[in-house]
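The structure appears below as structure tokens.
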Amino acid sequence: MAELLNTLSLRGSTRLLVMQPTAFCNINCDYCYLPHRNDREVMSIETVRRAAEFVFGAGLNAPDFTIVWHAGEPLVVSPSWYRRAITAFQQAAPADVSIPHAIQTNGMLIDDEWCDLFVETGMRVGVSLDGTARLHDARRKTRSGKGTHASVMRGIDFLRRRGVPFHIICVVGRATLDAADELMDFFEAEDIRNVGFNIEEIEGSVQTSTLEEEGSAGAFKRFFARTLDRARAANPPVLIREREDLLACLQSPAFGYFRYNSQNAPFGIVTVSTKGELFTFSPELAGLVDDTFGDFSIGNLADATLDSMLVSPTFRAMWRRIDAGVSKCKESCAYFNLCMGGAPVNKLFENKTFESTETMFCKLAHQAVADVVLAEIERDIASVPYSSGSRVPEAMG
Ligand code: SF4
């Protein structure tokens with residue numbers, strides 16, 4: 001049964017605040033699910049200030065709290081806007097709290113002026129790049145249908161010249177699965193050493209994925225296993241986010257005791273839209289619509305309080321169903337301790353209900369990734385030579 005929540009129990013719950021400075025995007029990728037990417041409205045600094053006061057006023061910020069600026073393309077807003085927004089957050093934050101900022105960009109607009117901001121603020125930069133020009137340009141296109149790879153690589157050159165650390169988010173579709181070596185040759189040649197893979201998902205108006213094709217799960221495992229082998233063999237190695245996250249989960253003292261992940265825990269992630277609408281659970285829900293949950297908004301910064309959001313019919317209806325879905329996962333899935341019940345947005349848009357378990361997304365992004373990383377760990381353990389001097393721990397009890 002959905003846990004009863006109150007303002008006290010939610011203190012320290014929010015690990016990620018997703019801020020949408022604009023819904024507008026300057027390009028038009030084939031797999032984009034953002035419905036308002038033609039809307040040029042920019043978030044007001046007053047809305048930023050209200051978001052900061054809401055989060056810090058309610059004490060929602062977790063010890064590893066981060067703000068990410070994302071969705072549509074955050075660099076269509078000016079660097080000076082970000083300076084004012086970051087100042088607004090600093091002014092609202094408790095004196096002893098330093099707030100890390102991150103930004104996820106398509107990289108097309110990065111120049112020296114943006115690098116000045118990244119250096120000055122220590123913002124973590126993620127660039128969306130789907131690998132080589134052949135793979136990337138097939139899906140990441142301008143509004144007139146031209147490939148964007150060359151422009152993104154120009155942006156990455158600015159980051160490299162200015163010494164700005166960055167990571168890559170690479171969307172994996174069916175065509176990527178046969179191209180592990182092409183991808184890793186490219187990342188190594190470009191000295192790209194930090195990569196995360198997002199799978200091509202089914203969300204909102206995007207109702208199909210090339211990964212639904214027969215045989216994708218096996219192909220994904222082969223792709224991911226080869227990618228991990230290449231990443232380890234590279235000098236210096238390429239960090240693969242999925243492996244790092246899974247190892248961190250296994251090494252956590254709380255492993256096996258986690259009940260939820262950030263996407264299915266109430267207020268684990270809070271998303272603020274350009275207009276100040278508030279969302280929780282999967283950030284992709286912001287901007288989507290559904291017959292049962294409307295636009296998924298649980299309030300607006302203009303007048304909402306944490307108390308009013310907790311009693312809002314949309315929040316209560318979502319939480320009850322999401323929690324029931326997590327319980328079903330816990331009862332039925334051998335991967336629960338690594339995945340903690342999956343992503344609500346994928347359950348809703350693939351299975352038509354939050355109150356469900358397996359999705360294409362989880363079979364690839366959680367189950368297949370876990371199978372490959374655990375097999376790698378087992379191989380590593382088996383390759384450690386047995387020493388006759390090793391002491392076998394005495395049995396307990
Ligand atoms: S892997 Fe899928 S079925 Fe298993 S816990 Fe995660 S979401 Fe649920």
Side-chain angles (χ1 to χ4, degrees), residues 1-3 15-16 33 171-172 177 196-204 206-209 211-225 227-228 240-252 254-269 280-285 288 290 292-293 296 318-378:
M1 198 185 92
E3 193 181 311
R15 300 181 64 200
L16 194 65
Y33 63 89
V171 175
V172 174
L177 301 184
F197 292 108
N198 284 0
I199 70 147
E200 194 187 301
E201 297 175 50
I202 297 168
E203 281 160 359
V206 178
Q207 310 223 330
T208 58
S209 164
L211 294 172
E212 287 176 293
E213 271 177 36
E214 188 75 28
S216 286
F220 183 87
K221 279 192 196 177
R222 289 190 294 279
F223 160 79
F224 195 61
T227 300
L228 289 195
I240 303 294
R241 178 190 61 186
E242 288 63 37
R243 173 163 55 193
E244 299 304 309
D245 287 353
L246 196 126
L247 293 179
C249 178
L250 287 171
Q251 287 164 355
S252 165
F255 175 69
Y257 293 95
F258 295 117
R259 294 169 61 200
Y260 301 100
N261 60 44
S262 297
Q263 286 202 44
N264 58 36
F267 294 85
I269 298 175
T280 187
F281 304 116
S282 303
E284 295 89 346
L285 293 173
L288 302 182
D290 174 81
T292 308
F293 306 103
F296 300 99
M318 284 200 291
W319 172 221
R320 197 172 59 245
R321 290 169 173 90
I322 287 171
D323 190 50
V326 173
S327 296
K328 284 186 177 178
C329 279
K330 187 167 189 181
E331 284 158 18
S332 64
C333 180
Y335 297 85
F336 182 84
N337 286 333
L338 294 169
C339 158
M340 291 151 269
V345 70
N346 300 108
K347 290 184 175 184
L348 184 64
F349 284 94
E350 286 193 42
N351 301 336
K352 311 299 172 216
T353 171
F354 286 132
E355 226 169 316
S356 61
T357 58
E358 264 190 358
T359 57
M360 177 201 75
F361 173 81
C362 85
K363 282 194 254 182
L364 301 178
H366 292 292
Q367 299 181 8
V369 163
D371 287 348
V372 173
V373 175
L374 293 175
E376 183 189 53
I377 293 170
E378 280 171 9

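Atoms within a ligand are numbered from 1 in the order they appear, just like the ligands themselves.
Ranking protein heavy atoms by distance to atom 4 (Fe) of ligand 1, first place goes to C333 SG, 2.3 Å. For atom 8 (Fe) of ligand 1, the closest non-hydrogen atom of the protein is C329 SG, 2.3 Å. At the shortest separation from atom 2 (Fe) of ligand 1 among protein heavy atoms lies C362 SG, 2.3 Å. Here the heavy atom of the protein found nearest to atom 1 (S) of ligand 1 is Q367 NE2, 3.5 Å.
A donor-acceptor contact under 3.5 angstrom links the side chains of S356 and N351, judged on distance only. Between R241 and N198, the side chains place a donor N or O and an acceptor N or O closer than 3.5 Å (distance only, hydrogens not considered).
Of the possible polar contacts, none joining the N264 side chain to the D323 backbone as a donor-acceptor pair under 3.5 Å is found.
When all heavy atoms of T280 and L285 are compared, the pair lying nearest together is O-CD1, 4.1 Å.
Here F223 and F197 bring their ring centres to under 6.0 angstrom of each other.
With rounding to the nearest 0.5 Å, the separation of CZ in F296 from OG in S282 is 9.5 Å.
Heavy-atom proximity to G342, at under 4.0 Å, picks out these atoms of ligand 1: 6 (Fe), 7 (S). The atoms of ligand 1 that sit less than 4.0 Å from any heavy atom of E358 are 3 (S).
Considering only non-hydrogen atoms, atom 6 (Fe) of ligand 1 lies nearest to C339 out of P344, A368, C339.
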